[in-house]
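Working notes, beginning with the structure itself.
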Amino acid sequence: MESKQHIRWFRNSAPYINAHQGKTFVLMFDGEATLHENFANVIHDIALLSSLGVRMVLVHGSRPQIASRLSERGIE
């Protein structure tokens, strides 16, 4: 039964895959995103889209990382 569900899911997904193949997605996420418990899943999803022929432009923030480094050095 489970394999039939996977096949149905794939068939339902195929039109969307074909519609977006070769397109460019711009994805923006803030620096806090890297700290989120679901971040690894987001990265896997981005990799999947890339493997399906979707081009990716990733724009990421870095405010928490910069603030942390400044704090470590005693810089306000």
Side-chain angles (χ1 to χ4, degrees):
M1 181 72 168
E2 188 172 316
S3 64
K4 286 184 180 183
Q5 290 175 336
H6 287 114
I7 291 169
R8 188 173 327 132
W9 175 86
F10 187 74
R11 285 182 181 156
N12 290 335
S13 301
Y16 298 100
I17 294 168
N18 290 330
H20 295 95
Q21 197 169 33
K23 302 287 195 256
T24 301
F25 284 20
V26 178
L27 303 174
M28 185 280 186
F29 53 91
D30 58 28
E32 288 85 357
T34 61
L35 304 174
H36 194 277
E37 64 187 35
N38 198 40
F39 187 67
N41 292 327
V42 172
I43 296 302
H44 289 290
D45 292 344
I46 291 170
L48 174 62
L49 288 170
S50 178
S51 72
L52 293 172
V54 176
R55 294 182 300 229
M56 296 287 165
V57 176
L58 303 176
V59 181
H60 60 85
S62 59
R63 185 177 326 185
Q65 292 82 2
I66 292 171
S68 174
R69 295 274 166 75
L70 290 173
S71 178
E72 289 170 5
R73 293 181 173 96
I75 303 170
E76 290 185 33

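Note: hydrogens, waters and symmetry copies are ignored here, and every other heavy atom, side chains too, is used. Position 1 is the first residue of the sequence, and the numbers go up from there.
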> Any donor and acceptor pair, going by atom type alone, linking the side chain of Ser51 with main-chain N or O of Leu48 inside 3.5 Å?
Replying inline: yes
>> Per the side chain to side chain donor-acceptor pair (under 3.5 Å) rule, what does the pair list look like for residues 24-43, sequence neighbours excluded?
In response: Thr24-Arg55, Thr34-Gln65, Asn38-Asn41
>> The criterion is side chain to side chain donor-acceptor pair (under 3.5 Å); which residues satisfy it with Ser50, sequence neighbours excluded?
In response: none
>> Which residues pass the side-chain contact (heavy atoms from CB on, under 4.5 Å) test with Gln21, not counting sequence neighbours?
In response: Asn18
>> Would you say Val54 ends up clustered with Ile17 if hydrophobic residues are merged whenever their side chains have heavy atoms under 4.5 Å apart, either directly or through other cluster members?
In response: no
> Members other than Val26 in its cluster, when Ile, Leu, Val, Met, Phe, Trp, Tyr link by side-chain heavy atoms under 4.5 Å?
Replying inline: Met28, Val57, Val59
> Hey, what do you get for CG (Leu27) to CG (Asp45), rounding to the nearest 0.5 Å?
Replying inline: 10.5 Å
> What closest approach, in Å, do Pro64 and Gly31 show between heavy atoms, and which atom pair accounts for it?
Replying inline: CG-C, 3.6 Å
>> Within this structure, what is the NE2-CG distance for the pair His20 and Leu52, rounded to the nearest 0.5 Å?
In response: 11.5 Å
> Rest of the hydrophobic cluster containing Ile75 (Ile/Leu/Val/Met/Phe/Trp/Tyr, side-chain heavy atoms under 4.5 Å)?
Replying inline: Ile66, Leu70
> How would you list, by chain and number, every residue that makes a side-chain contact (heavy atoms from CB on, under 4.5 Å) with Ile7, sequence neighbours excluded?
Replying inline: Arg11
